[in-house]
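These numbers were taken from a predicted model, which means no experiment stands behind them. By convention here, the first residue in the shown sequence is residue 1.
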Amino acid sequence: YPTWKRTLARRARESQMKRFCRAQAIQRRLEEIEVTFRELEQQGIKLEKLLRDENESPADQQTQWTNQLLYLVQKKNNLMTEESDLMIAVQELKLEEQQCQLDEKLRSYMNKEDTLKTPEDENAEQEILKQLVEVVNKRNILIQLQEEKRLSEL
């Protein structure tokens, strides 16, 4: 088993582990965002009730409640933006994993001697190559989407 094959296998395992850790971190953050959403929703409901029910309260108090409500809406919007970014990152991780698997399959076909390849092997190699191009194009679209989103936020 040549050294370069061991190195490729080790690098593939390392990149898979990094993707797994990133996926776990993203999942944790998505769960935190969901909890925060619920908390913000409850706070917003309380503030709306206060604003509707307390017509006799001073104008300063109502202004303060309105400002708090607007702050909650702003926080919720920021969390929704972050959640959207994380969902794009999840899609990107899935595509990255798919690309690595296809790379590995393609490499196994390409390492085979041309004289030993059957027509089925050649067809499979071409199909994998086509799938790989599709995955790369999908990843490119995601990256363009993120870039457009970032530029629109600026």
Side-chain angles (χ1 to χ4, degrees), residues 1-49 64-154:
Y1 204 66
T3 304
W4 65 271
K5 284 186 178 181
R6 282 195 305 269
T7 302
L8 281 177
R10 182 176 42 79
R11 286 185 183 160
R13 281 191 309 274
E14 287 172 357
S15 66
Q16 185 178 19
M17 207 51 203
K18 285 180 186 176
R19 282 191 304 277
F20 180 73
C21 290
R22 277 185 20 216
Q24 281 185 322
I26 289 171
Q27 185 62 38
R28 251 190 323 274
R29 183 61 189 143
L30 285 171
E31 289 169 2
E32 290 170 3
I33 287 173
E34 187 64 35
V35 169
T36 307
F37 268 151
R38 280 190 238 116
E39 291 171 358
L40 291 175
E41 195 70 33
Q42 292 303 315
Q43 291 173 9
I45 290 170
K46 288 177 188 174
L47 285 170
E48 281 185 46
K49 283 182 182 178
Q64 183 181 3
W65 289 336
T66 304
N67 287 340
Q68 287 176 346
L69 190 60
L70 290 173
Y71 175 73
L72 290 178
V73 169
Q74 183 182 16
K75 277 181 79 171
K76 187 174 179 183
N77 287 340
N78 290 341
L79 286 174
M80 288 176 70
T81 301
E82 184 181 356
E83 183 181 43
S84 171
D85 291 342
L86 290 173
M87 295 308 289
I88 290 172
V90 166
Q91 289 175 335
E92 195 172 350
L93 280 174
K94 285 179 184 177
L95 290 172
E96 199 175 315
E97 178 66 29
Q98 196 176 4
Q99 182 178 351
C100 286
Q101 290 172 355
L102 290 171
D103 275 340
E104 199 172 304
K105 285 181 187 177
L106 184 62
R107 200 174 295 115
S108 71
Y109 281 113
M110 293 178 99
N111 286 337
K112 206 175 201 183
E113 288 290 326
D114 287 339
T115 55
L116 299 176
K117 286 184 186 177
T118 65
E120 291 82 19
D121 289 341
E122 290 177 5
N123 289 338
E125 184 178 341
Q126 289 303 312
E127 183 61 33
I128 291 170
L129 190 58
K130 188 168 41 169
Q131 290 174 359
L132 190 58
V133 169
E134 287 175 16
V135 168
V136 169
N137 287 337
K138 288 177 184 177
R139 285 186 68 194
N140 189 38
I141 289 169
L142 282 178
I143 290 169
Q144 287 176 347
L145 179 69
Q146 283 177 317
E147 186 63 20
E148 288 172 9
K149 191 174 178 182
R150 186 186 68 80
L151 290 174
S152 71
E153 288 173 359
L154 292 176

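- Side-chain contact between Asn78 and Glu82: absent, with no pair of heavy atoms (C-beta onward) separated by less than 4.5 Å.
- A heavy-atom distance below 4.5 Å is found between the side chains of Leu30 and Met87.
- A distance of 11.0 Å separates CG in Leu72 from CD1 in Ile45, rounded to the nearest 0.5 Å.
- Going from atom OG of Ser15 over to atom CZ of Arg10 covers 11.0 Å, rounded to the nearest 0.5 Å.
- Checked by atom type and distance alone, the side chain of Asn111 pairs as donor or acceptor with a backbone atom of Arg107 at under 3.5 Å.
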After noting the C-alpha distance and the side-chain angles of Glu148 and Gln144, does the key distance pass the side chain to side chain donor-acceptor pair (under 3.5 Å) rule? CA-CA 6 Å; Glu148 288 172 9; Gln144 287 176 347; over 6 Å; no

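- A heavy-atom distance below 4.5 Å is not found between the side chains of Thr36 and Lys75.
- Here the CG-CG distance, from Leu145 to Asn140, works out to 11.5 Å after rounding to the nearest 0.5 Å.
- Annotation: side chain of Leu154 is in contact with side chain of Arg150 (closest heavy-atom distance under 4.5 Å).
- You'll find the side chain of Glu125 reaches within 4.5 Å of the side chain of Lys117, heavy atoms only.
- Distance check, rounded to the nearest 0.5 Å: CG of Leu40 to CG of Leu69 gives 11.0 Å.
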Could you go through Arg22 and Glu96, starting from their C-alpha distance and side-chain angles, then the distance that decides it, and tell me whether this counts as salt bridge (Lys or Arg N to Asp or Glu O under 4.0 Å)? CA-CA 12 Å; Arg22 277 185 20 216; Glu96 199 175 315; 3.7 Å; yes

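- Rounded to the nearest 0.5 angstrom, Asp85 CG and Lys149 NZ are separated by 4.0 Å.
- Looking at Arg6 and Thr3, their side chains come closer than 4.5 Å, going by heavy atoms from C-beta outward.
- The pair Glu97-Lys94 fails the salt-bridge criterion, with no side-chain N (NZ, NE, NH1 or NH2) lying under 4.0 Å from an Asp/Glu carboxylate O.
- Note that CD of Gln68 and NZ of Lys46 are 12.0 Å apart. Values are rounded to the nearest 0.5 Å.
- Under a 4.0 Å N-O distance rule, the pair Arg29/Glu32 qualifies as a salt bridge.
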What do the steps show when you test Glu14 against Arg11 for salt bridge (Lys or Arg N to Asp or Glu O under 4.0 Å), and what is the final call? CA-CA 5 Å; Glu14 287 172 357; Arg11 286 185 183 160; 5.9 Å; no

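- In this structure the side chain of Gln24 reaches within 4.5 angstrom of the side chain of Phe20, judged on heavy atoms.
- Few gaps surround CD on Glu48; more than 12 heavy atoms of other groups in view lie less than 6.0 Å from it.
- A side-chain donor-acceptor contact under 3.5 Å links Asp121 to the backbone of Thr118.
- Annotation for Lys76 and Glu41: closest pair NZ-OE1, 3.0 Å, computed over non-hydrogen atoms.
- In terms of heavy atoms, Ala89 sits closest to Ile26 at CB-CD1, 3.7 Å.
- Annotation: side chain of Leu132 is not in contact with side chain of Lys105 (no heavy-atom distance under 4.5 Å).
- Remark: Lys18 NZ is loosely packed, at most 12 non-hydrogen atoms of other residues, nucleotides or ligands lying under 6.0 Å away.
- Among all heavy-atom pairs drawn from Leu142 and Glu92, the shortest one is CD1-N, 3.6 Å.
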Given the rule in the side chain to side chain contact (heavy atoms under 4.5 Å, CB included) test, do Asp103 and Gln99 qualify, once you have shown the distances and angles that lead to the verdict? CA-CA 6 Å; Asp103 275 340; Gln99 182 178 351; 4.0 Å; yes

